[in-house]
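The structure under discussion appears below in the form of structure tokens.
The structure presented is a predicted model; accordingly, all values stated were derived computationally and were not measured.
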Amino acid sequence: MSTVIGPVTEEMLVLAGGVAAAVIGVYLVVWGVNGLRRTIAVWKSDPTPIGEAHLIDGTIEVEGTAEELSRTLRSPYDGARSLAYSYSKKRKERERNEDGEYETEWRTLESGSESVPFLVADDTGSIPVDPAAATLGMDNEYSDRTGDIKKTESRIDPGDGVHVIGQKRSANEADADLDDHRTYIGDGEEAPPFRVTDGGELETVARMFGRSLGSIFLGAGLVAGFGYLLLTSFPGIAAALGVSGI
């Protein structure tokens, strides 16, 4: 028998939740498919020699060494000179679940990120990058565990190889201090998602592919879950479709 909550039945609430999950699932699948297309486009393209950046309008892809532009940061745990970092501190906790068994999980106590504009240089020249609005792909550079507390840092440090894909913009449009440089790479409507990756083009492609594929699988799972919920909640639909055994 259905439990009635006011004028709304329990099945209606479950169905509404399923519809919401299905909508999110469709969005994730579409996002993932578009991400795969962007990944293929990055894979097929070649980075532009930085000395030729002045010839490029709109989307630009470069690869080189990260260098200090005007200042660096100090990472919060390792105290390293850095151009961009993210950090997190987690505590290991044990909680009893509904079955009375203990489960262990890492609960985040603090986390954050920071970046400053920096130069990307190759044998042909250099160009500033303002990574404030970028998706940052950074390697784990520091990890420390003391008892039940774990601290980690992912960073881009001076001297690291980086791959950048974004939009070439006029320095007049920048909010950051770019010294006397006339152009820089930043975010923009003409470019695909702005990405700065610690490593080369292969690392960028691998990270983009992983995020896109994960989004597709998660979205497909949500849509499939909604389909299963629909068929089990409304047996008449399953019968009409000739589905049995649910």
Side-chain angles (χ1 to χ4, degrees), residues 1-45 59 86 88 90-109 111 113 133-140 150 152 154 163 165 187 189 191-199 201-246:
M1 179 179 295
S2 300
T3 301
V4 179
I5 305 175
V8 181
T9 65
E10 183 177 324
E11 284 84 354
M12 291 173 64
L13 291 176
V14 172
L15 182 61
V19 170
V23 171
I24 295 172
V26 171
Y27 171 82
L28 290 174
V29 169
V30 172
W31 187 92
V33 170
N34 289 334
L36 288 179
R37 291 173 179 169
R38 291 190 292 267
T39 302
I40 294 171
V42 172
W43 176 251
K44 288 183 176 180
S45 66
T59 301
S86 64
S88 69
K90 298 181 179 181
R91 180 172 61 208
K92 187 177 181 181
E93 297 184 352
R94 298 177 66 212
E95 294 184 353
R96 192 186 297 270
N97 61 23
E98 296 178 354
D99 298 327
E101 300 176 347
Y102 281 101
E103 295 181 343
T104 300
E105 68 173 16
W106 288 95
R107 187 178 302 276
T108 300
L109 301 178
S111 63
S113 61
T135 298
L136 299 176
M138 300 181 289
D139 292 333
N140 189 345
K150 179 170 61 175
T152 59
S154 298
H163 177 270
I165 181 166
D187 198 16
E189 297 180 356
F194 180 25
R195 297 190 62 91
V196 178
T197 302
D198 187 2
E201 185 180 54
L202 182 60
E203 284 81 3
T204 297
V205 169
R207 290 176 187 270
M208 291 178 69
F209 180 79
R211 286 166 60 93
S212 300
L213 203 60
S215 178
I216 290 173
F217 281 140
L218 178 58
L222 290 174
V223 173
F226 170 70
Y228 179 81
L229 175 66
L230 190 64
L231 294 177
T232 54
S233 299
F234 299 93
I237 296 178
L241 296 175
V243 179
S244 60
I246 297 180

Quick one: pull up CG in Leu218 and CD1 in Ile24 and give me the separation to the nearest 0.5 Å.
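It is 9.5 Å, given to the nearest 0.5 Å.
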Just one of Asp139, Leu136, Asp198, Asn140 clears the side-chain contact (heavy atoms from CB on, under 4.5 Å) bar with Ser154, so which one?
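Among the candidates, only Asn140 passes.
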Between Glu93 and Glu95, is there a side-chain heavy-atom distance shorter than 4.5 Å?
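Side chain of Glu95 against side chain of Glu93, heavy atoms only: contact under 4.5 Å found.
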Among residues at least two apart in sequence or on other chains, which ones pass salt bridge (Lys or Arg N to Asp or Glu O under 4.0 Å) with Asp187?
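With neighbours one apart ignored, the set is empty.
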Shortest non-hydrogen contact from [X] to [Y]?
{"X": "Ala220", "Y": "Val29", "answer": "N-CG2, 3.5 Å"}
{"X": "Arg94", "Y": "Thr104", "answer": "CG-OG1, 3.8 Å"}
{"X": "Trp106", "Y": "Lys150", "answer": "CZ3-CB, 3.7 Å"}

So, the side chain of Ser215 versus the backbone of Leu28: is there a donor-acceptor pair under 3.5 Å, distance only?
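Side chain of Ser215 to backbone of Leu28, a donor-acceptor pair under 3.5 Å: yes, one is there.
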